[in-house]
A.B. asks: 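Can you keep this structure in mind? I'll have questions shortly.
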There are 2 protein chains.
Amino acid sequence: MDAVNRRKSQRRATARDVARRVGVHASTVSRVLNPATRDVISDEIARRVTRAAAALGYRLDPFASGLRTHRSRMVGVLVPDIANPVYTTMVGSIQEVARKHGLRLMLHATGADPEDELEMVRDLKHRFVDGLILASLHLTDAHANELRRAAAPVVLIGRPPKGTPTDTVRAYSRKGAAEAVRHLHAAARRRIGFVNGPQHTAPGSARRLGYLDGLRTCGLPRDETLLEVAEDFMIEPGRRAAERLLARVRPRPDALLCANDLLAVGALSALRDAGLDVPADVALVGMDNTPLAEVTWPRLTSVDLGSAERARLAAELLLKRIEHPARRPRVVGADPRLVVRESCGAAA
Amino acid sequence: MDAVNRRKSQRRATARDVARRVGVHASTVSRVLNPATRDVISDEIARRVTRAAAALGYRLDPFASGLRTHRSRMVGVLVPDIANPVYTTMVGSIQEVARKHGLRLMLHATGADPEDELEMVRDLKHRFVDGLILASLHLTDAHANELRRAAAPVVLIGRPPKGTPTDTVRAYSRKGAAEAVRHLHAAARRRIGFVNGPQHTAPGSARRLGYLDGLRTCGLPRDETLLEVAEDFMIEPGRRAAERLLARVRPRPDALLCANDLLAVGALSALRDAGLDVPADVALVGMDNTPLAEVTWPRLTSVDLGSAERARLAAELLLKRIEHPARRPRVVGADPRLVVRESCGAAA
DNA sequence: TTGTAAGCGTTATCAC
DNA sequence: GTGATAACGCTTACAA
């Protein structure tokens with residue numbers, strides 16, 4: 001590197017530096033480098049500008065650019081818990097779409113804290129994202145209010161209060177849970193227990209209803225003692241809930257539906273500790289069909305709620321919304337699909 | 001909301017708006033809201049400014065602020081693969097530290113593509129992060145070069161070329177792998193196989209050396225046929241590698257060390273398909289001690305390489321580096337620790 | 001097709 | 001302790 005270049009590299013090259021080198025004005029540089037206006041410029045100048053920019057290692061200053069355009073080419077992603085594979089899947093899926101469009105991800109795990117979620121929505125513009133994907137277990141009126149005055153487009157993954165005028169991606173988990181129950185019934189299970197997560201959450205309430213739907217359509221009696229609620233949608237709470245259920249219910253259940261795969265993994269371990277065989281004694285079904293379902297033994301039958309697909313849809317909705325801020329809000333979803341594995345084979 | 005407020009809310013409130021309301025100058029507003037200069041201002045004015053700002057819903061414009069200060073209060077996090085629980089853990093751990101300091105995360109999964117990693121380093125300032133944590137499987141001279149001219153501080157998680165003047169967090173996985181072999185030897189295993197990931201990567205080469213170290217210190221013969229390389233550090237490649245190993249090696253191994261937990265999960269399934277019992281026929285040990293190790297059956301003995309701890313250290317190094325750009329680069333690490341679970345109990 | 005010039009909203013540096 | 005002013009680097013009417 002010679003002395004001149006060294007001096008130049010003390011500070012980042014600006015559009016002016018590039019312009020000076022080519023003998024044009026900075027605005028011309030801007031026009032060349034901006035795809036929308038590039039074709040306005042003569043090929044000859046464009047080429048020289050491009051070359052000079054490369055030679056100087058010129059990079060657009062995102063702060064200055066953003067100050068003018070109020071765009072950052074970043075999207076925010078809020079998930080309750082990055083350790084839950086269902087959200088990991090979603091983040092991966094969103095990144096895939098975002099990347100194709102030259103957008104980057106700002107990730108934030110909220111720990112399912114509604115206050116944290118709200119603050120992020122308020123903070124939207126503050127942290128300069130062009131849009132936000134918010135996956136939440138529990139969308140309240142407070143969310144809906146905050147969304148109304150949001151500084152950038154938001155897409156929800158979850159179940160917002162009725163009438164929230166925001167693009168939304170739904171999971172039809174009620175339907176999925178019902179299907180799982182019917183599958184267990186078809187496999188000759190008659191005492192089907194349910195390990196749910198917190199019931200004030202959207203998934204908790206929907207999956208509970210689905211479980212009850214399933215019992216009803218199979219003509220099985222509703223038995224409240226067969227339903228147990230874990231403190232959280234996680235492994236250890238799932239284990240403890242299953243333990244409580246097993247300690248309490250007589251005759252013991254011959255099947256357990258769990259409201260997600262993490263709960264099912266916990267339940268599996270409780271069943272094992274109780275000396276019960278899966279599936280011979282107790283069939284087991286999870287929900288979300290995360291990669292975990294392939295890893296347990298026996299492998300876990302699980303209701304696929306299309307998380308990857310839903311995340312992709314959310315990202316695409318967001319991109320469309322960023323382009324057309326005024327278009328009517330859409331609600332889309334992905335159909336559930338039962339993926340049968342060894343954990344609910346034939347009864348002993 | 002009355003007409004005046006409604007009109008105001010057409011556009012975001014600026015520092016000027018707040019200033020006008022209080023009857024001071026915009027620079028005063030800036031001074032009040034900036035912690036570093038707040039104590040310069042009289043309490044009375046400060047209070048009124050704070051109140052007015054709240055009333056108007058004033059938020060600092062990050063673009064304008066960044067244009068002046070060149071700080072965004074965001075850190076970039078680059079990981080090879082967000083689906084690998086070891087990186088999920090790291091991201092969670094980094095977020096914890098970042099959050100305490102009011103920083104947000106920009107996440108990018110590179111798919112272990114070196115070109116993608118390099119581009120992100122170049123793009124550092126472009127995407128306005130104040131610093132970057134780069135976890136890479138394979139840091140090359142190209143990385144070192146790019147880092148030399150990086151526009152913001154970088155902390156590496158991995159093994160850079162000798163003499164790279166960059167803060168680095170190391171895993172002592174060579175030592176960890178050796179310990180695992182010694183543990184298996186102590187458990188009376190004498191045919192210890194090794195399922196490695198790609199050997200041109202830093203973990204691949206270190207863990208291979210550790211495996212060989214372990215054999216040597218146990219006085220076990222080095223037998224190349226006991227070593228098999230998977231195409232990637234993932235479950236399916238692990239399964240296939242274990243299948244190849246089992247098909248080839250006679251007498252069959254009585255233990256398998258796998259270079260990470262994902263490979264071990266794949267190997268477990270291959271062992272099962274071969275009708276072999278774990279641990280009675282073959283003991284199994286993974287590395288990284290991810291949450292997966294608790295989920296398999298039997299649960300997986302695994303070498304804890306302190307991923308959460310290392311990520312925390314990386315975040316802290318980065319924060320210190322951002323404050324003191326000139327301080328000497330540090331190299332830190334976390335000691336490995338074998339976590340024994342059912343997958344390597346006594347031989348049959 | 002290109003140059004000119006006016007800002008975007010903040011903050012550093014002077015003044016007072 | 002507070003005000004005035006300029007500048008950060010870019011974009012975009014508008015002028016030429």
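Protein chains get the first letters and strands the later ones, always in sequence-line order, with residue 1 at the start of each. Computed over heavy atoms, backbone and side chain alike; hydrogens, waters and symmetry mates excluded.
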A.B. asks: Taking side chain to side chain donor-acceptor pair (under 3.5 Å) as the definition, give me every residue that meets it alongside B:N145, ordered by chain and number, with sequence neighbours left out.
C.D. replies: none

A.B. asks: Could you state the atom-to-atom distance from NE2 of B:H25 to P of C:dA12 in whole Å?
C.D. replies: 15 Å

A.B. asks: Do A:H108 and B:R99 come within less than 4.5 Å of each other through their side chains, counting heavy atoms only?
C.D. replies: yes

A.B. asks: Can you name the residues that form a side chain to side chain donor-acceptor pair (under 3.5 Å) with B:R104, not counting sequence neighbours?
C.D. replies: A:D123

A.B. asks: Excluding sequence neighbours, so at least two apart, what forms side-chain contact (heavy atoms from CB on, under 4.5 Å) with A:A135?
C.D. replies: A:V79, A:P80, A:Y87, A:I157

A.B. asks: Mind checking what makes side-chain contact (heavy atoms from CB on, under 4.5 Å) contact with A:T201, not counting sequence neighbours?
C.D. replies: A:L137, A:P198, A:P203, A:F233

A.B. asks: Heavy-atom contacts under 4.0 Å between residues 27-51 of chain B and DNA chain D, which residues?
C.D. replies: B:S27, B:T28, B:R31, B:V40, B:I41, B:S42, B:I45

A.B. asks: Using the side chain to side chain donor-acceptor pair (under 3.5 Å) criterion, which residues pair with A:S72? Sequence neighbours excluded.
C.D. replies: A:D130

A.B. asks: Picking from B:I94, B:L318, B:L134, what satisfies side-chain contact (heavy atoms from CB on, under 4.5 Å) with B:V155?
C.D. replies: B:L318

A.B. asks: Based on the rotation axes of five pairs at each end, what angle does the helix from C:dT1-D:dA16 to C:dC16-D:dG1 bend through, to 10°?
C.D. replies: 30°

A.B. asks: Going 5' to 3' along DNA chain D, which nucleotides are the first and last within contact of chain A (any atom under 4.0 Å from a heavy atom)?
C.D. replies: D:dG9 to D:dA13

A.B. asks: Per the side-chain hydrogen bond (donor to acceptor under 3.5 Å, both in side chains) rule, what does the pair list look like for residues 36-49 of chain A, sequence neighbours excluded?
C.D. replies: A:R38-A:T50

A.B. asks: Taking the six-membered ring for Trp, are A:F128 and B:F63 parallel (under 30°), tilted (30 to 60°) or perpendicular (over 60°)?
C.D. replies: tilted

A.B. asks: Using the test side-chain contact (heavy atoms from CB on, under 4.5 Å), find all partners of A:R51 that sit at least two apart in sequence or belong to another chain.
C.D. replies: none

A.B. asks: List in chain and number order the residues that pass side chain to side chain donor-acceptor pair (under 3.5 Å) with A:H143, two or more places apart in sequence or in another chain; answer none if no residue qualifies.
C.D. replies: A:E117, A:T140

A.B. asks: Which atoms of nucleotides 6-8 of chain C (N or O only) lie under 3.5 Å from a protein N or O atom, and what are those distances?
C.D. replies:
unit_1: C:dG7; atom_1: N2; unit_2: A:R68; atom_2: NE; d: 3.2
unit_1: C:dG7; atom_1: N2; unit_2: A:R68; atom_2: NH1; d: 2.3
unit_1: C:dG7; atom_1: N3; unit_2: A:R68; atom_2: NH1; d: 2.8

A.B. asks: Pick one: which of A:R330, A:K320, A:R321 meets side-chain hydrogen bond (donor to acceptor under 3.5 Å, both in side chains) with A:D167?
C.D. replies: A:R321

A.B. asks: Do A:V29 and A:V22 come close enough that some side-chain heavy atom pair is under 4.5 Å?
C.D. replies: no

A.B. asks: May I have the distance from A:F128 (atom CZ) to C:dG9 (atom C1'), rounded to whole angstrom?
C.D. replies: 14 Å

